[in-house]
Amino acid sequence: VENYNEREKYWINHYKSLAPNGYNISIGGEGFPNGIDSVVSIIKNKNILISGATGLIGTIFVDMLYHLNISNNLNLTIYIITRNVDKAKKHFSHIQNSIFYIQHDILQPYKLEVNFDYIIHGASNTHPVLYSTDPVGSMTTNVFGTYNLLSLAAKNVNCKFILLSS
């Protein structure tokens, strides 16, 4: 710690973390309001929709929510939007229940009858070749996919929307 500059020392102290550029959330950290118990109480009995669930970060969200659900008896229902249900089921073969798969193209408006409490949007074109060969198509998918999910969120009273983006 003595080799860090004052700014780094400040953030290490502020987040109670040994990593100068990040949180120490592995143990809940003081930067996380009221620890994991607050998250558990917020998401209990909720319907959560996740797009991009088979991507790197989406997979982490699904696994985390699933394990929180099982270990804390949260009665969560996780909905996954996917282009290919069979591929998604294979991807999440380690999860036996609490997940519903919705086959849908995110470029199309949603006509779902479920009242979602949270929508976590992680679907995006991320393939470098696709960006270089079809930049307009890639951006169109990202923009209209987000628009359609925001429109769905607006139809659900008190729905929270989380956008995962880099």
Next on the checklist: Measuring from atom NZ of Lys46 to atom CG of Leu65, what distance do you get when rounded to the nearest 0.5 angstrom?
Outcome noted: 13.5 Å

Next on the checklist: Pair Thr146, Leu149 - check side-chain contact (heavy atoms from CB on, under 4.5 Å), show working.
Outcome noted: CA-CA 5 Å; Thr146 302; Leu149 281 171; 6.0 Å; no

Checklist entry - Are the side chains of Ile119 and Ile162 in touch, meaning some heavy atoms are under 4.5 Å apart? => result no

Next on the checklist: For the SG atom of Cys159 and the CZ atom of Phe116, what is their distance to the nearest 0.5 Å?
Outcome noted: 8.5 Å

Item to check | Matching residue for Leu49 among Thr77, Asp117, Ile102, Ile80 - test: side chain to side chain contact (heavy atoms under 4.5 Å, CB included) | outcome: Ile102

Checklist entry - Would Leu150 end up clustered with Val114 when hydrophobic side chains under 4.5 Å apart are linked, directly or stepwise? => result yes

Checklist entry - Donor-acceptor pair, Ser124 side chain versus Asn142 backbone, under 3.5 Å? => result no

Checklist entry - Are Leu163 and Ile57 linked, directly or through other ILVMFWY residues, by side chains that come within less than 4.5 angstrom of each other? => result no

Item to check | Lys44 atom NZ: more than 12 heavy-atom contacts under 6.0 Å | outcome: yes

Next on the checklist: Rounded at 0.5 Å granularity, tell me how far CD in Gln108 sits from CG in Asp105.
Outcome noted: 5.0 Å

Item to check | Between CD on residue Gln103 and CD1 on residue Ile81, distance to nearest 0.5 Å | outcome: 12.0 Å

Checklist outcome for this item: Heavy-atom nearest pair, Ile106 first then Ala123, reads CD1-CB, 3.9 Å

Next on the checklist: Restricting to non-hydrogen atoms, name the atom on Asn148 and the atom on Tyr110 that form the minimum distance, rounded to 0.1 Å.
Outcome noted: O-CD1, 3.6 Å

Item to check | Linked, directly or transitively: Ile50 and Phe100 (ILVMFWY side chains, under 4.5 Å) | outcome: no

Item to check | Same apolar cluster (I L V M F W Y, side chains within < 4.5 Å links), Ile95/Ile78 | outcome: yes

Checklist outcome for this item: Note: Val129 and Ser132 closest approach over all heavy atoms is O-OG, 2.9 Å

Checklist entry - Can Leu112 and Tyr79 be said to form a side-chain contact (heavy atoms from CB on, under 4.5 Å), step by step? => result CA-CA 11 Å; Leu112 301 172; Tyr79 295 84; over 6 Å; no

Item to check | N/O donor-acceptor pair under 3.5 Å between Thr59 side chain and Ala53 backbone | outcome: yes

Checklist entry - Should Ile120 and Ile42 be regarded as members of a common hydrophobic cluster, given that ILVMFWY residues are connected when their side-chain heavy atoms come within less than 4.5 Å of each other, either directly or indirectly? => result yes

Item to check | Donor-acceptor contact present, side-chain Lys111 to main-chain Pro109, <3.5 Å | outcome: no

Checklist entry - Any idea how Phe161 and His121 line up, ring-wise: parallel (<30°), tilted (30 to 60°), or perpendicular (>60°)? => result tilted

Next on the checklist: Quick check for you: to the nearest 0.5 Å, what is the distance between Phe61 atom CZ and Leu56 atom CG?
Outcome noted: 11.5 Å

Checklist entry - Does any N or O in the side chain of Asn47 come within less than 3.5 Å of the main-chain N or O of Asn115, such that one atom is a donor and the other an acceptor? => result yes

Next on the checklist: Does any part of the side chain of Met64, heavy atoms only, come nearer than 4.5 Å to the side chain of Tyr66, both counted from C-beta?
Outcome noted: no

Checklist entry - Short question: side chain of Asn156, backbone of Leu152 - any donor-acceptor pair under 3.5 Å? => result yes

Item to check | Rounded distance (nearest 0.5 Å) linking atom CG of Leu74 with atom CD1 of Ile48 | outcome: 9.0 Å

Next on the checklist: Does the plane of the ring in Phe144 sit parallel, tilted or perpendicular to the ring in Tyr147? Use 30° and 60° as the thresholds.
Outcome noted: perpendicular

Checklist entry - Okay, side chain of Tyr131, backbone of Asn125: is any donor-acceptor separation there less than 3.5 Å? => result yes

